[in-house]
Amino acid sequence: MGLNKEQIARRIAQELKDGFYVNLGIGIPTLVANYIPEGVDVVLQSENGLLGMGPFPFEGEEDADLINAGKQTITTIPGSAFFDSAMSFGMIRAGKVDLTVLGAMEVADNGDIANWKIPGKMVKGMGGAMDLVAAAKNIIVAMQHTNPKGESKLLPKCTLPITGIKCVRKVVTDLGVFDITDEGFKLLEYAPGVTVDEIKAKTAGRLVIADDVKEITV
Amino acid sequence: MGLNKEQIARRIAQELKDGFYVNLGIGIPTLVANYIPEGVDVVLQSENGLLGMGPFPFEGEEDADLINAGKQTITTIPGSAFFDSAMSFGMIRAGKVDLTVLGAMEVADNGDIANWKIPGKMVKGMGGAMDLVAAAKNIIVAMQHTNPKGESKLLPKCTLPITGIKCVRKVVTDLGVFDITDEGFKLLEYAPGVTVDEIKAKTAGRLVIADDVKEITV
Amino acid sequence: MKKVFAGADEAIHDIPSGATLMLGGFGLCGIPENCIAAIVKKGINNLTCISNNAGVDDFGIGLMLQQRQVKKMISSYVGENAEFERQMLSGELEVEMVPQGTLATRCMAAGYGMPAVFLLAGIGTEVAEGKEVRNFNGKDYLMEYAFDSDFAIVKAWKGDTQGNLIFNGTARNFSPLMAMAGKITIAEVEHLVPVGELDPNSIHVPGIYVHRIFEGKNYEKRIEQRTVRKKG
Amino acid sequence: MKKVFAGADEAIHDIPSGATLMLGGFGLCGIPENCIAAIVKKGINNLTCISNNAGVDDFGIGLMLQQRQVKKMISSYVGENAEFERQMLSGELEVEMVPQGTLATRCMAAGYGMPAVFLLAGIGTEVAEGKEVRNFNGKDYLMEYAFDSDFAIVKAWKGDTQGNLIFNGTARNFSPLMAMAGKITIAEVEHLVPVGELDPNSIHVPGIYVHRIFEGKNYEKRIEQRTVRKKG
């Protein structure tokens, strides 16, 4: 039951508006690019220095000088532009990127996010995650509602080292769509086949249910 | 008696070393470009966004998009590069420009300089002068030794609003060449036909005479 | 993604009186001629203009001064402009002088989301009055704030329909910095081309910073100091 | 103006053990392969390396790690590198993690002569520990210092004998910023051309920032994640 990864991506893609500049993180967020609605023109930013990221190259056409922030080979689209890393994060910091979608290990009901470090495990670094969450003006988190042990990832307070404070605006999980509000997570939509009671049971943070809560359409 | 403007420029040109990046201010400093010694390769920086400034264009070849900081039409040389004003002053601030030559209304014996404003007269602004004097690592002032009233422009303290503090390293006037030292102006060279006593008489700031003081050769 | 406007009148249609504008250009080099003409025609006033210079009497921002549209100029050098001088001395025009590199860097800071920067220029001078001084590695710096502007208006050489801009020669100057700093950025270009025509390696201002673009007309590109040498 | 060197061995000849190096590149994209090979060959050690990543086990900075030449890494992401992990966990290797945009901007600050900048990244996290927090317009920022480095080592696509550099695609990344930040900057380029061949409007790093340049050899340009789609 609940949404699969593609459906989570598809639901997030509904948040895209014509003219948006969008930064997509690694994992589920990357899939959002596959579901951009008809008639909606968005430009993808890759924080390693590209506006106008296109799809993966055809086999044999990979260019070592053309990768995304996940170090995958990519292509450009007409109208793309390259720039250095300072300008790339400069435009994020200045609020020019309309939407950032990223994954998370934990989200707190005040919008705190943890997604870079697990104590006791090898620390690989925060990459651009701290910059993105601190500076982006609109952040949607795409993640599973619970961890492999079945524990809620929507918490009253992050238990892992945090990446940024009070920055997440919206969370889309396999179970539902939530806004971050002063009252905590606000359930806007539930996945087909999932009950509000199940979501209540699996959400550790403060949860309120929108008056007009409805089923997700993807 | 003393040096004319061309000779002042010629004397300053002796300070140029092979490989120098040089910013030349308006007036006498501009003339220095005409006297770059044989075998010495210097690149001229213009703070409005150019490295590799060439001579004035031939008549009929002026380009409105190609001017220097004095707003004069110029040319480029092979190897030139354009950049924006932030990078231009960034490279000055980071100490990448080896020598800056500029004019002054007053220089104090501690290296203070005044060259942007005369109280009671129309204020045109400091342009890039404050940035240059604050940030350049090596500043030579080119000016007349006295003002039109015959008063010394080499002073114990600037009387005009200052442009920068303790920044001038060397002064070349129509009468002589001076280093700025802890003892004040240090006369290194005097102009042909000018006596050390005359220089003493016309220098209001602290003045010491170098042991090996000698006549300027231009 | 509708960034392309028909012309200057359309692109500046919603600039209100009292707005703060950044205007690109160094002297008369690289100034947004079409937008200035449209602003003069529209007659909006009470403007605060951030621009390195203020034009000459009958060109550039000088045209806006003639119509008394400018309340305050923030510039590094205001040069030869009799009407400017008259308005300033009579107190009609407020003027704030900012060192040129400081002006440029305060624009850049805005475009890069940095609220303040530390700069050397002006230490020990009247420019430092009232400003925070901070010592790093034995050197004093002034803390200078990023500029805030409602509209940035620049002129580029080439631009595409996505808003990517390329400047020519020293007409670049402050324009890329201001283009990145405007809440709304308007670019007029000599050549508006379809997407894909500009080399993505050579873009000076990526389109994300540019909200409106149009191809300008009848550029005069006046030369302020025509200096030449003789052939031979 | 003798900036052109014969090769990597000559260009890095005076880098001493214990030096602080900036190394351009994002992952394996745009890394200075020739200089890394020469540093490995020369065997200098005790190095502090500022680089967004630390290569993989058998390529990039990973090669220097294999030879235990690195004392400290300052990076944003150190990814998949078993030897790196081993040295870090055993305490042989000191590691400082810096957010990616902060890393980039601290390089830029150095090249622009700005001693410190105010950035949002890391506010409220362990990155903020011990750092000055300052509020501007209701938002908290961390004060971050410009990086200090003895040598910056970058790889560009094209360069001329004056040191002007042009990068290709996303191989640009941190390299222009580091090139501007080094006390001594060494650039290896795929194509070294005579002055006058590069378009002066399209230079990413003006030669004034570059002290040594040479044409590199045998570029492998390894791809870290080969992702493709099928035709049709």
Side-chain angles (χ1 to χ4, degrees), chain B residues 16-23 36-54 63 65-68 74-100 128 130-138 167, chain D residues 1-5 22 105-117 145-149 152 156 158-167 176-185 187 189 192-213:
Chain B
L16 301 174
K17 291 198 179 72
D18 192 40
F20 262 23
Y21 288 92
V22 181
N23 182 294
I36 297 168
E38 194 82 19
V40 171
D41 197 4
V42 305
V43 176
L44 300 180
Q45 200 249 18
S46 191
E47 68 265 27
N48 57 320
L50 170 62
L51 272 166
M53 181 164 63
D63 178 353
D65 286 347
L66 191 41
I67 64 170
N68 64 17
I74 49 157
T75 56
T76 56
I77 57 168
S80 67
F82 297 111
F83 35 83
D84 65 49
S85 300
M87 184 184 278
S88 185
F89 286 96
M91 64 181 64
I92 291 165
R93 223 181 284 120
K96 305 295 176 182
V97 173
D98 299 288
L99 176 64
T100 292
M130 281 193 185
D131 308 272
L132 282 161
V133 301
K137 61 182 177 190
N138 187 8
C167 51
Chain D
M1 198 93 54
K2 307 281 176 289
K3 295 189 175 183
V4 178
F5 281 63
M22 286 178 173
T105 313
R106 290 174 66 185
C107 293
M108 184 179 80
Y112 276 37
M114 304 192 294
V117 288
Y145 293 99
F147 278 123
D148 212 21
S149 80
K158 293 181 183 172
D160 69 19
T161 54
Q162 195 92 263
N164 293 304
L165 303 180
I166 295 178
F167 299 86
L177 307 163
M178 291 177 169
M180 295 192 284
K183 280 198 198 70
I184 295 176
T185 292
V189 297
L192 182 63
V193 302
V195 287
E197 282 206 13
L198 302 180
D199 174 3
N201 279 322
S202 301
I203 307 293
H204 297 138
V205 176
I208 192 171
Y209 282 111
V210 177
H211 305 89
R212 303 172 188 178
I213 190 167

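Since the model is a prediction, treat every value here as computed from it, not as a measurement. Because only heavy atoms are used, hydrogens play no part in the values below, and waters and symmetry mates are left out as well, while side chains stay in. The chains referred to below are lettered A, B, ... by the order of the sequence lines, with proteins before strands, and numbering in each begins at 1.
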If you measure from [atom1] on [X] to [atom2] on [Y], what distance do you get to the nearest 0.5 Å?
X        : Y        : atom1 : atom2 : answer
B/Asn23  : B/Leu99  : CG    : CG    : 9.0 Å
D/Gln162 : B/Asp41  : CD    : CG    : 6.5 Å
B/Phe82  : D/Asp199 : CZ    : CG    : 8.5 Å
B/Leu44  : B/Phe20  : CG    : CZ    : 13.0 Å
B/Leu50  : B/Ser88  : CG    : OG    : 9.0 Å

Residue part contacting chain B, namely of [X], when any heavy atom lies under 4.5 Å:
X        : answer
D/Met180 : both
D/Ile208 : both
D/Asn201 : both
D/Ala110 : backbone

Chain D heavy atoms under 4.5 Å from [X]: which part of the residue, side chain, backbone, both or neither?
X       : answer
B/Val40 : neither
B/Ala86 : both
B/Thr76 : neither

(message) Closer than 3.5 angstrom, by distance alone: can the side chain of D/Tyr209 be matched with the main-chain N or O of B/Met91 as a donor-acceptor pair?
(response) yes

(request) Taking B/Arg93 for its side chain and B/Ala135 for its backbone only, find out whether a donor-acceptor pair lies under 3.5 Å. (result) no

(message) Using a 4.5 angstrom heavy-atom cutoff, name the option from B/Ala94, B/Gly79, B/Ser80, B/Gly95 with the most pairs to chain D.
(response) B/Gly79

(message) Can you tell me which of D/Leu198, D/Val205, D/Val193, D/Asn164 forms the most heavy-atom pairs within a distance under 4.5 Å of chain B?
(response) D/Asn164

